[in-house]
Amino acid sequence: MTTAFFLTGTDTDVGKTHVACALLHRARRAGRTAVGLKPVAAGTDERGDNDDVLRLRAASSLQLPADIVNPYCFAPAIAPHIAAAEDGVEIDFDRIAETVRSARQQADFVIVEGAGGFCVPFGIDRNGADLAAQLQLPVILVVGMRLGCLNHALLTAEAIAARGLIIAGWVANCVTPDMLRFDENLATLEELLLAPLLGVVPYQPGADPEAASDFLELPA
Ligand SMILES: Nc1ncnc2c1ncn2[C@@H]1O[C@H](COP(=O)(O)OP(=O)(O)OP(=O)(O)O)[C@@H](O)[C@H]1O
Ligand SMILES: C[C@H](N)[C@H](N)CCCCCC(=O)O
Ligand SMILES: [Mg+2]
């Protein structure tokens, strides 16, 4: 059966792509055909490539066309709605929903990575939470473990619930090697998030997603 998830995080740069790629590796090890999508990306290199898209592709077991993996890609590494406005582009959720449908027909484990945090604007009248709601996907929440993450995680959980979506699981991603009172912070999140903890991904310089996959369970 196809399973698909919308993967979000407590902020930009908290390890969403790292964890998404690790889960793709984990799913592949379980014999699944796994594909990562990045509907809206911002920030490209001199070749016009976006790093998240390259990493998700490298972790996927099936290579789908660019307009399915990443229908919207903007050059500057800025908030997507600003980049879209500068390019005169409107981010069309129906088009994104079509890419997700197509990916689900071809793969049995699909991860859709959001951009930034859950409510990142995609236009003046739409944001990432609206996209997740339109896609009607269970959410995986990546918590970048650092001071401030408790508030960000709880706000995100409220926003997910407010859209009528469920958290299929959350991941504690160690974005620093030395968070003070790590165990106490983890325990607080376990108590308050009311969703399964899929794993604790350790801090690892270079962040190899295949190695990180050993620390993760697949969401049910
Ligand atoms: N567990 C980890 N150990 C060490 N480095 C990590 C870890 N997780 C993430 N990083 C590093 O932190 C940076 C941000 O991670 P990543 O790109 O996965 O974040 P993101 O949430 O997907 O960001 P964006 O909002 O741009 O999509 C990357 O350089 C990544 O290699
Ligand atoms: C460019 C960056 N890596 C992400 N793709 C976009 C992050 C947008 C964050 C916007 C915000 O919440 O202020
Ligand atoms: Mg990313």
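Remember, it's 1-based here, ligands and their atoms both numbered in the order they're listed. Computation of the quantities below employed the complete heavy-atom set of this structure, encompassing side-chain atoms and omitting hydrogens, waters and symmetry-equivalent molecules.
For ligand 2 and Ala77, the ligand atoms under 4.0 Å from any heavy atom of the residue are 1 (C). Of all atoms in ligand 1, listed by their number and element, those nearer than 4.0 Å to a heavy atom of Tyr203 are 1 (N), 3 (N), 4 (C). Heavy-atom contacts of Glu113 reach the following atoms of ligand 1: 22 (O), 27 (O) (cutoff under 4.0 Å).
The nearest heavy-atom contact from the protein to atom 8 (N) of ligand 1 is Asn173 ND2, 3.0 Å. If you check which protein heavy atom lies closest to atom 6 (C) of ligand 1, you get Ala207 CB, 3.7 Å. Closest to atom 17 (O) of ligand 1, if we only count protein heavy atoms, is Arg55 NH1, 2.9 Å. When only non-hydrogen protein atoms are considered, atom 3 (N) of ligand 2 lies nearest to Thr12 OG1, 3.7 Å. The protein non-hydrogen atom at the shortest distance from atom 7 (C) of ligand 1 is His18 CD2, 3.8 Å. With hydrogens left out, the protein atom closest to atom 20 (P) of ligand 1 is Lys16 N, 3.4 Å, a heavy atom. Distance from atom 13 (C) of ligand 1 to its nearest protein heavy atom, with residue and atom name: Asp13 OD1, 4.2 Å. Of the protein's heavy atoms, Ile78 O, 4.0 Å lies nearest to atom 6 (C) of ligand 2. When hydrogens are left out, the protein atom nearest atom 11 (C) of ligand 2 is Val120 CG2, 4.3 Å; that is the closest non-hydrogen contact. Ranking protein heavy atoms by distance to atom 19 (O) of ligand 1, first place goes to Gly15 N, 3.0 Å. Among protein heavy atoms, atom 2 (C) of ligand 1 sits closest to Cys174 O, 3.5 Å.
Ala42 counts as a contact of ligand 2, since one of its heavy atoms falls under 4.0 Å from the ligand. Heavy-atom separations between Gly9 and ligand 1 are all 4.0 Å or longer.
Looking at Arg95 and Asp67, no side-chain N of the basic residue comes within less than 4.0 Å of a carboxylate O on the acidic one, giving no salt bridge. A salt bridge links Arg29 to Asp214: one of the charged nitrogens lies within less than 4.0 Å of a carboxylate oxygen. Of the charged side-chain nitrogens involved, at least one lies within less than 4.0 Å of a carboxylate oxygen, so that Arg126 and Glu90 count as a salt-bridged pair. Between Asp11 and Arg146, at least one side-chain N (NZ, or NE/NH1/NH2) sits under 4.0 Å from a carboxylate O, which counts as a salt bridge.
To the nearest 0.5 Å, atoms CG (Leu141) and NE2 (His152) are separated by 12.0 Å. Summarising the geometry, atom CG belonging to Leu37 is positioned 8.0 Å from atom CG belonging to Leu56; distances are rounded to the nearest 0.5 Å. Atom CZ of Arg32 is separated from atom CG of Asp108 by 5.0 Å, given to the nearest 0.5 angstrom. Taken from CZ in Phe109 to CG in Leu218, the straight-line distance is 5.0 Å, to the nearest 0.5 Å. Interatomic distance, Leu197 CG to Leu186 CG, rounded to the nearest 0.5 Å: 6.0 Å.
For atom 28 (C) of ligand 1, the protein comes within 4.0 Å by no heavy atom at all.
Nearest N/O/S atom of Asp52 with respect to the Mg ion (ligand 3) is recorded as OD2. Distances from the Mg ion (ligand 3) to the N/O/S atoms of Glu113 are shortest for OE2.
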Could you walk me through whether Ser102 and Gln106 pass the side-chain hydrogen bond (donor to acceptor under 3.5 Å, both in side chains) test, one step at a time?
-> CA-CA 7 Å; Ser102 174; Gln106 300 173 72; 3.1 Å; yes
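A 6.0 Å sphere centred on CD of Gln63 holds more than 12 heavy atoms belonging to other residues, nucleotides or ligands. Heavy-atom contacts from other residues, nucleotides or ligands closer than 6.0 Å to CG of Leu155 number more than 12.
In this structure, of Asn50, Val120, Thr12, the residue bringing a heavy atom nearest to atom 26 (O) of ligand 1 is Thr12.
If you look at Asp52 next to ligand 1, the close heavy atoms, those under 4.0 Å, all belong to the side chain.
Taking 2.8 Å as the threshold, Thr17 counts as a candidate ligand of the Mg ion (ligand 3), since one of its N, O or S atoms lies below it.
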